[in-house]
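One-based numbering, in listed order, for ligands and for the atoms of each.
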Amino acid sequence: MNYIERIIEKVLQENPGEQEFHQAVIETLTPAKTFIESNKIYENLAILERLIEPDRQIKFRVVWSDNKGIIRTNRGWRIQFNNALGPYKGGLRFHPSVNTGVIKFLGFEQIFKNALTGLPIGGAKGGSDFDPKDKSDFEIMSFCQSFMTELSRHIGPETDVPAGDIGVGGREIGFLFGQYKRLKNVHEGVLTGKSVDFDGLPGRKEATGYGLVYFAEEMLAAIKNSFENKKVAISGAGNVAIYAAEKAVQYGAKVVTMSDSNGWIYDERGINIDFVKEIKELKRERIFEYINFEPNAKYFNSRFDWNIACDIALPCATQNEILVSDAKNLIKNGIIALAEGANMPTDFEAIKLIKENGIEFGPAKAANAGGVSSSALEMSQNSMKTCWSFDESNNRLHNIMKKIFNDISDTSLEFGEPKNYLLGANICAFKRVAKAMIAQGVY
Ligand code: NDP
Ligand code: 2IT
């Protein structure tokens, strides 16, 4: 067995039941196989063996009290994967589907995504199987305070800086930050995605979605195309989806679909993003409500299967939301580009199909790196005790996304597969992390 096969086998054997983690390792290492195996130093120094095992996994009980005074328990995680490039950095996910395998897949991906940003951040992820849906603000606060009571022992501005992900937005980050401050008596940059009212970075909220569109615009420009007059299908209706939609519209596109876990909407005249913001950000309601704002739009109470006429697909909900059957729908409907806003939204077989059909493919670790890039800018802003403007932060984000695109595009060229951004991203990121690990000795 060659090196990559042995590593994949080891991951499968030693991490039983962690399907998402298996998938992330296979999807990251397979495109970089030839490169890694032809440079024996990686095998000689056991770089992959060290990369697939997190530095540490912290799993804890979270006890909180609901509105009726009933005591509830959940599980919490923080998995600190690799800090070769900087303090551990990555989001927190609150969703009932969270388990060790999900947090490990996200943490593993985060190492390489963070490397692509070119900023000094290592990789980590955390979260809980807590379901924030239908909970009152008070219950969310009670949960967040309990979660942070344990998490606070393991994080710090130079150690590990969490942020948001699914189910964790500005409200949750505020409650988590408040509890950290209470416990430690320090107001420091220990979390990113904070409100701009207390040290948050203007533009962090918009950064993942805007960054995704900045990246996709570069990918389209490379085939002499753009968002102008295109139909865009988006999944999800959360933080990433909303701001991807907003930027796509600013670039002259029409967004025709959005979704949540109950169903999806289709508005052939173009979805009104202000209505979606009101439904999702203000009222915290279901996307179904959109048809009360736009009676001409349609709502489907089913899984979104991407069977819609569109030019560009931006999956922005969750992992494995584009399977082979969905990819076939996109191909049949003639899309020209797919850029991943969510983490691992496209399964490996579906990616192969998309690429074989000549569709431009922007992999998550590059395409959605805008969020964590702006988080790293928020860390700088906090350490400098300064406050940047929205335009300053947004311009920096735009430049970072262009650089990520250029770096992975150059890598794909160097390895003889121009526009294979999956290969470019995985090799470029791996080289950076491995180089730092080698320089820091065996540990
Ligand atoms: P949000 O919680 O704000 O929104 C998530 C959206 O996806 C919601 O509309 C949600 O619907 C839907 N969704 C979540 N899980 C499922 C599911 N199992 N099936 C169908 N729909 C689902 O999260 P974000 O927008 O922050 O995150 C979306 C994706 O982007 C995730 O993959 C995340 O890891 C990734 N990401 C996020 C970044 C960030 O900065 N926030 C940065 C980089 C990547 P419902 O409300 O019904 O649950
Ligand atoms: O997947 C991701 O990159 C995030 N959820 C954002 C992480 C961060 O630290 O901003």
Could you tell me whether some N/O pair between G164 and ligand 1 is separated by less than 3.5 angstrom?
-> no
Any protein heavy atom under 4.0 Å from atom 10 (C) of ligand 1?
-> no
What is the closest protein heavy atom to atom 46 (O) of ligand 1, and at what distance does it sit?
-> R286 NH1, 3.5 Å
What part of E321, side chain from CB on, backbone N/CA/C/O, both or neither, has a heavy atom under 4.0 Å from ligand 1?
-> neither
F130 six-ring face occupied by K135 cation (under 6.0 Å, within 45°) | yes
Proximity to ligand 1 by part of Q319, non-hydrogen separation under 4.0 Å | neither
Over-ring placement of K352 relative to F348, 6.0 Å and 45° cut-offs | yes
Please test N333 against W306 for side chain to side chain donor-acceptor pair (under 3.5 Å), starting from the C-alpha separation and ending with a verdict.
-> CA-CA 9 Å; N333 286 310; W306 301 91; over 6 Å; no
Protein heavy atom at shortest distance from atom 16 (C) of ligand 1 = T318 CG2, 3.7 Å
Quick one: which of D260, T208, N343 has a heavy atom closest to atom 32 (O) of ligand 1?
-> N343
Aromatic Y266 / basic K298 pairing, under 6.0 angstrom, 45° off normal | no
Would the H22 and F105 ring centres measure less than 6.0 Å apart?
-> no
Check each protein residue for a heavy atom under 4.0 Å from ligand 2 and list those that pass, ordered by chain and number.
-> K89, G90, G91, Q110, K113, K125, A163, G164, D165, R204, N343, G371, V372, S375
Is it true that D407 and K431 make a salt bridge, defined as a side-chain N closer than 4.0 Å to a carboxylate O?
-> no
For residues 201-209, tabulate all N or O donor-acceptor pairs below 3.5 Å that involve a side-chain atom, not counting sequence neighbours.
unit_1: R204; atom_1: NE; unit_2: G371; atom_2: O; d: 3.1
unit_1: R204; atom_1: NE; unit_2: S375; atom_2: OG; d: 2.9

Has ligand 1 got any nitrogen or oxygen that is less than 3.5 angstrom from a nitrogen or oxygen of K125?
-> no
Closest to atom 37 (C) of ligand 1 (judged by heavy-atom distance), picking from I166, N239, V240 | V240
V433 meets the side-chain contact (heavy atoms from CB on, under 4.5 Å) criterion, sequence neighbours left out, with L51, N82, L85, I111, F112, A115, M437
Identify the closest protein heavy atom to atom 4 (O) of ligand 1: which residue and atom is it, and at what distance?
-> G238 CA, 3.2 Å
Salt-bridge present (R72, D66; N to O < 4.0 Å) | yes
For atom 48 (O) of ligand 1, the closest protein heavy atom turns out to be K133 NZ, 3.1 Å
Any idea how Y214 and H398 line up, ring-wise: parallel (<30°), tilted (30 to 60°), or perpendicular (>60°)?
-> parallel
Among T192, D165, V102, which one has a heavy atom closest to atom 34 (O) of ligand 1?
-> D165
For atom 45 (P) of ligand 1, the closest protein heavy atom turns out to be S261 OG, 3.4 Å
Listed pairs under 3.5 Å, donor-acceptor, residues 86-102 side chains, sequence neighbours left out:
unit_1: Y88; atom_1: OH; unit_2: D55; atom_2: OD2; d: 2.6
unit_1: Y88; atom_1: OH; unit_2: R56; atom_2: NH1; d: 3.3
unit_1: Y88; atom_1: OH; unit_2: N83; atom_2: ND2; d: 3.4
unit_1: K89; atom_1: NZ; unit_2: V161; atom_2: O; d: 2.7
unit_1: K89; atom_1: NZ; unit_2: T192; atom_2: OG1; d: 3.0
unit_1: R93; atom_1: NE; unit_2: D165; atom_2: OD2; d: 2.7
unit_1: R93; atom_1: NH1; unit_2: Q319; atom_2: OE1; d: 2.9
unit_1: R93; atom_1: NH2; unit_2: D165; atom_2: OD2; d: 3.1
unit_1: H95; atom_1: ND1; unit_2: S97; atom_2: N; d: 3.2
unit_1: H95; atom_1: ND1; unit_2: S97; atom_2: OG; d: 2.8
unit_1: N99; atom_1: OD1; unit_2: G101; atom_2: N; d: 3.0
unit_1: N99; atom_1: OD1; unit_2: V102; atom_2: N; d: 2.9
unit_1: T100; atom_1: OG1; unit_2: W77; atom_2: NE1; d: 3.0

Do K113 and N343 have side-chain heavy atoms sitting under 4.5 Å apart?
-> yes
Look at atom 28 (C) of ligand 1 and say which protein heavy atom is nearest, naming residue and atom and giving the distance to 0.1 Å.
-> A317 O, 3.2 Å
Sidechain N-carboxylate O distance under 4.0 Å for R286, E289 = no
Part of R204 within contact of ligand 1 (heavy atoms, under 4.0 Å) = side chain
What is the distance from atom CD of Q23 to atom CD of E109, rounded to the nearest 0.5 Å?
-> 9.0 Å
For ligand 1, the portion of A163 having any non-hydrogen atom under 4.0 Å away | neither
List the closest protein heavy-atom neighbour of atom 2 (O) of ligand 1: residue, atom name, distance to the nearest 0.1 Å.
-> G167 N, 2.9 Å
